[in-house]
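Computed from a prediction, not measured in an experiment: that's the story for all the values here. Convention: sequence-line order gives letters A, B, ...; per-chain numbering from 1. The figures here come from the full heavy-atom set of this structure, side chains too, leaving out hydrogens, waters and symmetry mates.
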Amino acid sequence: MHDYLSGLNERQREAVLHCNGPIMIVAGAGSGKTKVLTTRIAHLMAHHKVDSFNILALTFTNKAAKEMKERVEKILHNTEARNLYIGTFHSVFARVLRAEAHHLGYPNSFTIYDTDDAKGVIKTVVNELNLDDKVYKPNVVYNRISSAKNALVGPEEYARDYGIQQEDLRANRPAMGQIYDAYAKRCFKNGAMDFDDLLLNMYKLLKNYPEALSKYQRKFKYILIDEYQDTNPAQYEIIKLLGAMHENICVVGDDAQSIYSFRGATIENILQFQKDYDDVKVVKLEQNYRSSQNIIHVANEVIKNNKGQIPKNLWTDNAEGEKIKLVRTASDNDEGKFVADTIKELKLRNHISNKDVAILYRTNAQSRAFEESLRRLAIPYIIYGGLSFYQRKEVKDMVAYLRVIANPKDEEALKRIINYPVRGIGKTTIDKAVIFANTHNISMWEVLVNAQQFGFKSGTLEAIDQFVTMIKMFQTELPKRNAYEIAFAVGKSTNLVKELFNDKSTEGVARYENVQELLNSIKEFTETPMNEEDGEVGDKGLGTYLQQITLLTDADNKDPDADVVKLMTIHAAKGLEFPVVFAAGLEETLFPSAMSINTREELEEERRLFYVVITRAKQKLYITHANSRYRFGSLIQNEPSRFIEEIPNEFLDRTSAGGGPRNQTGSWGGGSAFDRMRGGYGNSAQEAEKQYGAPPAKKAATPSYIAPKPAAKTVEHVPTKDFVPSDTTNLQAGQKVEHQKFGFGVVDKMEGSAHNPIATVKFELNGEKKIMLNYAKLRIVE
DNA sequence: CATCCAGGCCTTTTT
DNA sequence: GGCCTGGATG
């Protein structure tokens with residue numbers, strides 16, 4: 001008997017001990033599924049002597065993957081776990097595709113486009129197809145293409161599908177298929193895959209290249225999948241192909257926690273799994289080890305309102321616990337204050353640490369009020385979500401250089417840096433280069449390399465030549481140097497780092513620090529040992545690094561153990577647990593979202609989301625909602641969420657804060673926070689000021705005695721019919737000139753350098769203007 | 001060619 | 001309330 005088995009309950013042990021054949025573990029919230037998964041992996045290795053190289057575990061987030069790996073290591077007391085293939089679908093497939101790229105015609109240093117890059121490509125092709133970008137908004141198009149890919153519908157299938165055509169026609173977007181096709185072709189030409197391509201191409205690889213299929217089928221003898229309820233059809237088909245040889249597939253999921261249908265996830269996968277294999281073992285984990293009885297009761301009551309679930313009965317041995325506190329506040333700011341005050345109270349009286357607390361909400365925009373109130377009480381916090389470190393402008397700029405060096409076909413990256421820092425290759429030149437590239441069916445990079453054949457002006461040509469020479473220089477260094485050395489050299493010779501260093505504004509300093517941090521991260525990457533395998537390009541090279549960082553999220557850079565209050569969306573909180581949870585913004589139109597109340601399916605997903613947030617809490621759960629809040633800059637009134645009514649009254653402890661009548665303070669911490677906040681609508685601002693001090697200075701309002709600056713209206717001038725700009729190199733004071741917009745005038749004086757001459761012109765209709773001759777077009781009249 | 005500002009548009013949720 | 005885009009301007 002292995003001692004790691006002793007901590008398991010009967011069902012859990014059953015799931016761990018089952019070795020060969022398909023198994024589905026229906027794991028309720030907090031029922032120890034990670035424990036089961038990790039123990040199962042450990043058991044396969046320790047007991048069944050399965051080689052760690054032959055186990056594949058797919059997770060939903062990098063965080064989950066990392067945790068799983070660490071826990072297996074802990075159980076086994078050795079470093080064998082390092083060889084496991086554990087990662088997100090996206091990162092594991094990226095790794096495979098890197099090794100097999102040649103089959104699909106991609107370079108193995110293919111770029112992975114994040115959402116912004118992808119939308120950039122969409123903008124480009126919509127433009128090139130002369131379509132209206134108001135109709136074909138990048139967001140809309142991106143989502144449509146993404147859904148298609150997640151359902152394994154390629155551009156050809158898309159064009160052929162009658163139903164899809166009808167949908168697009170009805171939506172007044174008949175050219176969607178055309179855009180999809182152009183987009184896919186452009187990405188391929190750029191040597192780039194978007195997130196969804198990682199799935200789609202993985203599927204194509206396994207489907208169309210039997211030798212690749214059998215290679216990975218033989219490699220992955222055991223496959224485990226976490227958060228199975230959130231997989232989409234593409235992922236499903238890939239798993240089916242990969243597992244077809246051994247059928248040792250273990251999926252773990254909870255239909256009640258399926259919250260990613262907007263990403264193409266479908267619960268169907270759970271039902272289909274049982275149909276696809278004859279002898280699926282099903283194990284239900286129903287005992288919850290996380291939460292108090294009250295919390296579990298409430299969760300069960302809520303989810304009961306959904307139709308058609310896998311029947312299960314989540315129960316717990318834990319203590320009854322406290323009631324759920326339901327708190328109404330007057331405004332979103334009061335909600336913030338209430339939460340911050342309560343946290344302070346809990347720390348004081350209940351010895352709760354910052355890190356025990358999470359504030360969870362439906363939309364990222366809700367974080368603002370909490371940030372402000374936490375800052376006022378000096379409670380340290382961290383926000384998950386929002387921009388990943390690698391999506392910040394300055395970091396992305398630097399990364400774009402590296403991308404171009406690793407994959408010069410990457411047009412998005414190329415466009416980003418070709419004139420950054422400014423080197424005189426402007427929009428006109430870029431547009432021209434792209435058009436040349438399209439008409440000659442070569443990459444933009446190739447146009448630049450052969451620029452002299454395309455008739456650029458000599459100045460531009462020189463700038464292009466310098467740029468090309470620099471990139472080429474780095475490319476020759478590529479085989480000899482590691483990612484860090486290259487990155488460091490890029491920072492130096494582009495002056496990028498220096499430029500940021502010289503910017504002493506607050507943001508400038510932050511930007512400089514971010515780039516330094518980027519360099520550190522690259523260094524760390526090059527110094528961390530990594531398991532390499534035959535046939536893999538897994539090296540310390542730049543390409544590997546770049547592919548990896550695109551798949552990192554914001555959460556991956558944060559220390560999960562830091563003693564800070566955590567703020568995040570409910571989606572981001574999936575799989576996590578906290579002693580104290582604030583579920584905020586339980587209001588109609590916000591939660592459930594106004595976008596998701598039109599069909600039963602949508603509403604049920606919102607309810608599952610509510611279920612998820614409830615079951616994150618171990619001991620204390622607060623549900624808050626505000627009477628009114630700011631949205632899009634204007635104040636709106638919200639009814640309490642319909643989900644609140646689904647909680648039986650006996651589990652609730654109702655209170656209001658920051659206005660309205662006060663009921664009872666309940667059994668928690670004396671309620672002094674409420675006493676201080678009984679301000680009500682009218683004076684809550686003043687009350688707050690007394691408590692917290694004056695709010696941070698707002699931008700000073702324009703004093704009323706200063707008249708608003710009258711906009712200097714330009715008197716319209718219609719240029720002479722055959723307006724042709726003159727050569728103004730030798731323009732002298734006293735000459736009469738015509739300006740396209742300002743009309744006729746006389747040159748008053750000449751200043752500026754020969755490089756950048758500036759003429760002061762007195763116009764007949766528009767007064768005196770300084771005209772930069774390099775840019776403005778003047779016709780010399782006499 | 002680059003920068004600044006006004007006005008439009010937005011918000012689900014994420015690898 | 002904040003971000004991005006596009007037009008005006010030097």
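- Under the salt bridge (Lys or Arg N to Asp or Glu O under 4.0 Å) criterion, Arg173(A) pairs with no residue at all, not counting sequence neighbours.
- In this structure, Arg392(A) atom CZ and dC3(C) atom P are separated by 14 Å, rounded to whole Å.
- Atom pair Phe195(A):CZ and dT15(B):C1' shows a separation of 6 Å (rounding to whole Å applied).
- Distance, Lys393(A) NZ to dC4(C) P: 11 Å, rounded to whole Å.
- The shortest distance between side-chain heavy atoms of Ile430(A) and Ile418(A) falls below 4.5 Å.
- Look at Thr428(A) and you'll find a side-chain N or O under 4.0 angstrom from OP1 or OP2 of dC1(B).
- In this entry the distance linking OH of Tyr630(A) with P of dG2(C) reads 12 Å, nearest Å.
- For His571(A), taking side-chain heavy atoms from C-beta onward, the closest of the listed nucleotides dT13(B), dC1(B), dT15(B) is dT13(B).
- Going from the C1' atom of dG6(C) to that of dT11(B) covers 23 Å, rounded to whole Å.
- Asn364(A) comes within 4.0 angstrom of sugar-phosphate atoms only, judged by non-hydrogen atoms across all strands, and of no base.
- Side-chain N or O atoms of Ser593(A) include none that pairs as donor or acceptor with a backbone N or O of Leu590(A) at under 3.5 Å.
- Applying the 4.0 Å criterion to OP1 and OP2 of dT13(B), one finds that Ser596(A) has every side-chain N and O outside that range.
- Checking Val422(A) against Tyr142(A), the closest nucleotide of DNA chain B that is more toward the 5' end is the one next to Val422(A).
- Close to dT15(B), at under 4.0 Å from its OP1 or OP2, lies no side-chain N or O of Asn62(A).
- When the ring pair (Phe, Tyr, Trp, His ring centres under 6.0 Å) test is applied to Phe582(A), the partners found at least two apart in sequence or on another chain are Tyr622(A).
- Phe591(A) comes within 4.0 angstrom of no nucleic acid atom, judged by non-hydrogen atoms across all strands.
- One interatomic measurement links the two molecules: CD of Gln235(A) to P of dT14(B), which rounds to 16 Å at whole-angstrom precision.
- The residue among Glu602(A) and Thr115(A) whose nearest nucleotide of DNA chain B is located toward the 5' end is Glu602(A).
- Qualifying ring pair (Phe, Tyr, Trp, His ring centres under 6.0 Å) partners for Phe643(A), counting only residues two or more places apart in sequence or in other chains: Phe591(A), Phe610(A).
- Applying the 5.5 angstrom centroid cut-off and the 30 degree plane-angle cut-off, the aromatic ring of Tyr260(A) is not stacked upon the base of dT13(B).
- In this structure, of dT15(B), dT11(B), dC1(B), it is dT15(B) that holds the atom nearest to the side chain of Arg263(A).
- Of the candidate nucleotides dG6(C), dT15(B), dA2(B), dT15(B) has the atom nearest to the side chain of Thr553(A).
- Glu601(A) places its CD atom 22 Å from the P atom of dT13(B), with the value rounded to the nearest Å.
- Distance alone, capped at 3.5 Å, places no donor-acceptor pair between the Asp556(A) side chain and the Leu552(A) backbone.
- Residues satisfying the salt bridge (Lys or Arg N to Asp or Glu O under 4.0 Å) criterion with Lys119(A), sequence neighbours excluded, are absent altogether.
- Spacing of P atoms, dT13(B) relative to dC4(C), comes out at 15 Å, to the nearest Å.
- Neither OP1 nor OP2 of dT15(B) sits under 4.0 Å from any side-chain N or O of Asn232(A).
- Counting to the nearest Å, the P atom of dT11(B) and the CZ atom of Phe262(A) are 14 Å from each other.
- The ring pair (Phe, Tyr, Trp, His ring centres under 6.0 Å) test applied to Tyr384(A) returns no partner, not counting sequence neighbours.
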Give me, pair by pair, the N or O atoms of the protein and of nucleotides 4-10 of chain B that are less than 3.5 Å apart, along with how far apart they are.
from: dC10(B); atom 1: OP1; to: Lys137(A); atom 2: NZ; distance (Å): 3.0

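- Lys123(A) comes within 4.0 angstrom of the backbone, heavy atoms only, and of no base.
- If you measure from atom OH of Tyr113(A) to atom C1' of dT15(B), you get 18 Å, rounded to the nearest angstrom.
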